[in-house]
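Chain A is the first sequence line, chain B the second, and so forth, proteins listed ahead of strands; every chain is numbered from 1.
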Protein chains: 2
Amino acid sequence: MARPRGFCEEEALDKALDLFWRHGYEGASIAALTEAMGINRPSLYATFGNKEELFKKALDRYVSIKDAIFDEGLAEPTGRDVVRHLLRKAAEMMTEPGHPVGCLAVQGAISCSDESEPVRQELIRIRQHHEQRIRDRFAEEQDAGRLPPGTNPDDLAMLLATIANGMSIQASTGATRAQLLTVAENAARAWPQVDDVASDAAASNAAE
Amino acid sequence: MARPRGFCEEEALDKALDLFWRHGYEGASIAALTEAMGINRPSLYATFGNKEELFKKALDRYVSIKDAIFDEGLAEPTGRDVVRHLLRKAAEMMTEPGHPVGCLAVQGAISCSDESEPVRQELIRIRQHHEQRIRDRFAEEQDAGRLPPGTNPDDLAMLLATIANGMSIQASTGATRAQLLTVAENAARAWPQVDDVASDAAASNAAE
DNA sequence: TACATTATATACTGATCGGTACATAACTAG
DNA sequence: CTAGTTATGTACCGATCAGTATATAATGTA
């Protein structure tokens, strides 16, 4: 019973996600956001609250995309297949033409000023959520007897997350899709799995 | 024959390096820099030119530190030893108490605004310099016959750089030294080397 | 002691940041 | 057509950004 909104909220969120992804949280200014979203400042604040809330709402869309990829990847039959699937998908997603490069949860979490600390914490939380999913999947691998003796599924999950994070950095600094796919394939081939590891145990005890 | 400088240029540069490392290029404001360095704005500009030149001079000190680590690590007898040495050193350096976490060349290269693009390019150049050193070392491994058939030394160098970059992200988001050392050890153990790889060739052709 | 030179400290510039006050436009219910 | 409500557009707020003008303090030389 009042003036209707002159823009689509979801479309505007997608534009905001693109800009945040491309420039990080602080790098995307309100001026740039409103221009990309095709709306005015007051409309943005009336609809989304403030910059931080807008970011979180855009982030929700990003997480749902990534969760869908994890659903596929974690369903692969063995740990090595999971690694290959997830890293290949990551390589493709991070170099999608017309899309921002790298992973929003990595690029956006690099601290610039302190003011964006809550956003950084949120991104860390997101990444830990995904790492937890990998941990659970690798625990299944261990139960299935496919982990070499002494290999810790949590350690492998962290290694995989580390490689994925590194790929995001590589992508944001010019790595091509072909290069990232090669990284993914080499990581998958070297992945420890019981059918190709001979001796070597207790890598997990190396930390002091 | 004039008023002498009231501060030590090298000490001031070290303070600046610490701040850039901690907050990134844009995140370290001139106000914060001058306070940390214990000098005034005009002194900073008279001595170091401007923010970008100050950053590059601080970066030089960082690169020399890192190059020294590479000198040690690349001297290890085999590729796997090189990987273990470099990743262990990286884990220790990234979690040094009282120091900023992560790698400056990674944390600083994440784009916030476009204005810092030249700085980003400089950091990318630095990282490529180090990746080149790894490439050369792995080429020696291939000549020595320690690389599994079909394994490309350049690909392995990129994989190693990817893991190191990922460790920087992990460090900046709360990973402990013990966790990073475990990542390093697991990566080293799984590293492809001719004495433990049976079949599997041409991982390099996986990219499309 | 007087001068030339360089470093320092204060205070400013214009631009941009996130966020908002306020007047007006567009709509629906009566 | 009017009243009430919500969206929009403009123009602003104080804070902060990198960088600088200017006046003064501290030195070596003469």
Side-chain angles (χ1 to χ4, degrees), chain A residues 1-13 15-17 19-20 22-59 108 110-122, chain B residues 1-13 15-17 19-20 22-59 108 110-122:
Chain A
M1 69 136 90
R3 177 172 178 175
R5 181 165 288 148
F7 63 96
C8 170
E9 189 169 335
E10 299 219 332
E11 282 177 18
L13 259 186
K15 297 287 189 183
L17 172 57
L19 215 67
F20 280 128
R22 219 172 278 275
H23 297 106
Y25 175 68
E26 291 190 5
S29 69
I30 297 289
L33 284 165
T34 53
E35 186 184 345
M37 298 163 81
I39 64 178
N40 303 88
R41 274 171 130 85
S43 297
L44 188 154
Y45 281 91
T47 308
F48 302 104
N50 60 13
K51 189 181 182 181
E52 189 177 326
E53 289 180 40
L54 171 64
F55 180 81
K56 286 183 180 169
K57 278 163 185 155
L59 187 60
I110 308 297
S111 59
C112 274
S113 74
D114 303 330
E115 125 216 353
S116 58
E117 185 61 20
V119 167
R120 203 173 133 263
Q121 292 299 328
E122 179 72 11
Chain B
M1 74 167 1
R3 176 173 180 175
R5 180 165 287 147
F7 63 95
C8 169
E9 188 169 334
E10 299 220 332
E11 283 178 18
L13 258 186
K15 296 289 189 183
L17 172 57
L19 213 69
F20 279 128
R22 223 173 274 277
H23 298 105
Y25 175 69
E26 291 190 5
S29 70
I30 296 289
L33 285 165
T34 53
E35 187 185 346
M37 298 163 82
I39 64 178
N40 303 89
R41 273 172 130 85
S43 298
L44 188 153
Y45 281 92
T47 309
F48 302 104
N50 60 15
K51 189 180 183 183
E52 189 177 327
E53 289 180 40
L54 171 64
F55 181 80
K56 286 183 179 170
K57 279 164 185 155
L59 187 60
I110 307 296
S111 60
C112 274
S113 74
D114 302 330
E115 124 215 357
S116 58
E117 184 62 19
V119 167
R120 205 173 131 263
Q121 292 299 328
E122 179 71 11

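The CD1-P distance, from Ile39(B) to dT10(C), rounds to 14 Å in whole Å. Between the C1' atom of dA26(C) and the CZ atom of Phe7(A) lies a distance of 15 Å, rounded to the nearest Å. Note: CD (Glu53(B)) to P (dA18(D)) measures 15 Å, nearest angstrom. We find that CD1 of Ile30(B) is positioned 20 Å from P of dG14(C), with the value rounded to whole Å. With rounding to whole Å, Leu44(B) atom CG is found 14 Å from dC17(D) atom P. Atom CG of Leu33(B) is separated from atom P of dC17(D) by 10 Å (rounded to the nearest Å). Here dC17(C) presents its P atom at 12 Å from CG of Leu19(A), a figure rounded to the nearest Å. Rounded to whole Å, the distance from OH on Tyr45(B) to P on dT13(C) is 17 Å.
For Arg41(B), taking side-chain heavy atoms from C-beta onward, the closest of the listed nucleotides dG18(C), dA11(C), dT5(C) is dA11(C).
Between Ser43(B) and dA7(C) there is no side-chain N or O to OP1 or OP2 distance below 4.0 Å. For the OP1/OP2 pair of dA7(D) and a distance below 4.0 Å, the side-chain nitrogens and oxygens of Arg5(A) include at least one atom meeting the criterion.
Taking for each of Pro42(A) and Tyr25(A) the nucleotide of DNA chain C with the nearest heavy atom, the 5'-most of the two is the partner of Tyr25(A). Toward the 5′ end of DNA chain C lies the nearest nucleotide of Ser29(A), the other residue of the pair Ser29(A) and Gly49(A) mapping further downstream.
Taking the side chain as every heavy atom from C-beta outward, Leu17(B) and Phe55(B) never approach each other to under 4.5 Å.
Taking all atoms of both residues into account, the shortest heavy-atom contact from Leu13(A) to Ala58(A) is CD2-N, 3.7 Å. A pairwise comparison of heavy atoms in Phe48(A) and Met37(A) identifies CE1-CE, 3.6 Å as the closest pair.
Lys51(B) contributes a side-chain N or O that, together with a main-chain N or O of Ala28(B), makes up a donor-acceptor pair within less than 3.5 Å.
Looking at Arg3(B), its side chain has no donor and acceptor atom pair within 3.5 Å of the base of dG28(D).
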Show, in sequence, the C-alpha distance, side-chain angles and deciding distance for Glu117(A) and Arg120(A), and conclude whether the salt bridge (charged side-chain N to carboxylate O under 4.0 Å, His left out) test is met.
CA-CA 5 Å; Glu117(A) 185 61 20; Arg120(A) 203 173 133 263; 2.8 Å; yes

